[in-house]
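Let me begin by presenting the structure, written as structure tokens, before commenting on it.
Proteins come first, then strands; the chains are lettered A, B, ... in the order of their sequence lines, and each starts at number 1. What you are looking at is a predicted structure, and each value in this text was computed from that prediction instead of being measured.
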Amino acid sequence: MRTSQFHLVTRKETPQDAEIISHQLMIRAGMIRKLGAGLYTWSPLGYRVLRKVEQIIREEMNASGALEMLMPAVQPKELWQETGRIEDFGGQLLAMTDRAEREYFFGPTHEEVITEFVRDEVTSYKQLPINFYQIQTKFRDEIRPRFGVMRSREFIMKDAYSFHLSAESLEETYRLMETTYTTILARMGLHFRCVLADSGAIGGSGSQEFHVLADSGEDAIMYSDSGEYAANIEKCEAVSLIADRAVPTAELSEVATPGKKTIEDVAEFLKIDQKQMVKTLLVAGIDGPVALVVRGDHHLSEVKAAHLPEVATPLCFLEEQEVRKLVGCDVGSIGVKDLNCPIIVDLTVANMSDFVCGANKEGHHLTGVNWQRDAEFTQQVDIREAQEGDPSPDGKGTLKQARGIEVGHIFQLGDKYSKAMNAVVLNDKGQAQALQMGCYGMGVSRLVAAAIEQNHDDNGIIWPAALAPFQVALLPMNYQKSVQVKKTTDELYQKLTDIGVDVILDDRKVRPGFMLSDFELLGIPHQVIIGDRSLDEGHVEYRHRKKMDKQKIEHAKIADFLQQQLSL
RNA sequence: CGGGGUAUAGCGCAGCCUGGUAGCGCAACUGCUUUGGGAGCAGUGGGUCGGGAGUUCGAAUCUCUCUACCCCGACCA
């Protein structure tokens, strides 16, 4: 490709509305342009990268035995009524109506569509297991789209759905997808981590997420510093930090803590460690309010809390007035003694003794509180967020925290959808049996942003070899005037093109500095600078976008040299 | 959906307070010079000042209203 035949529109200035580096660089390099909130046009340049991502995914999915297909993006509402997921997805569903007032959703995911397809198409256990996938545009009406294509409303996703007769077979394909995802991300040259995850609105039993590691990631992931354990913080098991409950040594007493409402304030006022305190949070339950108690220095995991059968979903904290009505004080003085509602405590809290909590009396706290003697809890369960320094749940090492961008999520759905939609096959005894199902998503457009987030410097993008829009850039100095430069460049261009190298020749009439910094921004991995100055000495210059130091290569050997670099 | 903000040329912004011929930088286009690190000079084109209504002799500017977008929060594969 020659730049004169291509469409390159780069910008020197960072766009005002782009917050994170990948968004800024994608706009500056001219890969994407915004059409509306969470809606982006992919330019020919950006689309090249998107296609590379797609192609790697496609090749590896095919290699795993999955079958590519294509489903409609527009889905009849009735389909969603069958599984009752309209409420689960809520406002994220983009609804529309046709001329006959029939209602549709623009597909945010395709469990219903594939299950509908499979229940008619797959009737015998002999057709199993089978794994279908597609690469397609989805729409999720995010409350707040942001960060460019990182969290857009319309986006491209690879979604795969597998069907099985048994849970064992599902498990097998699930593991196969885990290794396939690992291969895909490794081929893209990304640093990533597979972690245990919460399955959210998709549902099912087990699920794992694949995170590309980057400080700008929206998710926190916890991992053991010396074991295999890794989990999204939402899912990360938080073990009890106190092995056995000590016998009470302190007397129960009430102290005045005027105006001290936060754990921090009270701990400072009483000159005690926050670890000696407990935090009592009142939330709406299925049947009246429920108290959730975590240690003073811990955070409630809202995801874990929302999963408790006693707690209403979505999680909803009681309003100031409701609290006052129930316990007769403000939020800052709630405690566990004589609290008139079920009390669910975190595992660590259950083993605490001589602790401090609110007195359920405005401006007062209780010290020397002990379970059994002074208060009772209803149940103990893991409801706090794990934090750095906690022992790893698998007993090996301690937990560390990192930020990640979720680019893939695999689920073992079991029979959730097949039961709801009556998707059955006949087994070898001729009996109808509900299908076991797995689903495997990968954010194609998000991966492009994630790759940049992880691979850039002050001058622009540094594409991993597998994702670069072009492998080689030929950068002639004074191409328009110098016969020698033009001839050398054209010959090299022809040679590389002939052997199938993805090469771009910058034949624009621009000054050298402009050209060089443009290609730094674009991040083309291999760059060859061709100018009279070096040609007169019989060589051209080569630089790799990552290392940036210029290497003199004998003119006659550059094609071979490049081939060698490309195969590394 | 709650809170905060913005809307003027392709991009970044000034002008608004105090109403009176719509400007600057970058980008684009033409010409000349320059050609190994985002060039210089000269010139050109491009705007119903987000939409609507009102006040006024006169509105980018004041008032009302609608819309879009951005940020924070809750939500989230």
- Query: Salt bridge or not for A:Glu60 and A:Arg187, using N-O below 4.0 Å?
  - Reply: yes
- Report which part of the nucleic acid A:Arg543 touches: base, sugar-phosphate, or nothing (heavy-atom distance under 4.0 Å, all strands).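 Base: the residue A:Arg543, judged by heavy atoms under 4.0 Å, touches a nucleobase.
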For [N], which nucleotide is its Watson-Crick or G-U wobble mate, given both distances must be under 3.5 Å?
N	value
B:C32	B:G40
B:A77	none
B:C24	B:G12
B:G47	none

- Can you tell me if the side-chain N/O atoms of A:Lys12 get under 4.0 Å from OP1 or OP2 in B:G25? no
- Message: If the cut-off is 4.0 Å, is A:Arg511 near the phosphate of B:A39, judged by side-chain N/O to OP1 or OP2?
- Response: yes
- If you measure from the ring centre of A:Phe514 to the centre of the six-membered ring in the base of B:A39, is it under 5.5 Å, with the planes under 30° apart?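 No, A:Phe514 does not stack on the base of B:A39.
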- Task: Consider only side-chain N and O atoms of A:His23 and A:Asp17, and report whether a donor and an acceptor are under 3.5 Å apart.
- Result: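 No - no donor-acceptor pair under 3.5 Å links their side chains.
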- Task: Indicate yes or no for a side-chain donor-acceptor contact from A:Gln24 to the backbone of A:Ala18 under 3.5 Å, with no hydrogens or angles considered.
- Result: yes
- Message: Less than 6.0 angstrom from the centroid, inside 45 degrees of the normal: does A:Arg140 satisfy that with respect to the ring of A:Phe155?
- Response: no
- Classify the side chain of A:Arg144 versus the base of B:C71 as yes if they form a donor-acceptor pair under 3.5 Å and no if they do not. no
- Query: Do A:Thr14 and B:G12 have a side chain to base donor-acceptor pair shorter than 3.5 Å?
  - Reply: no
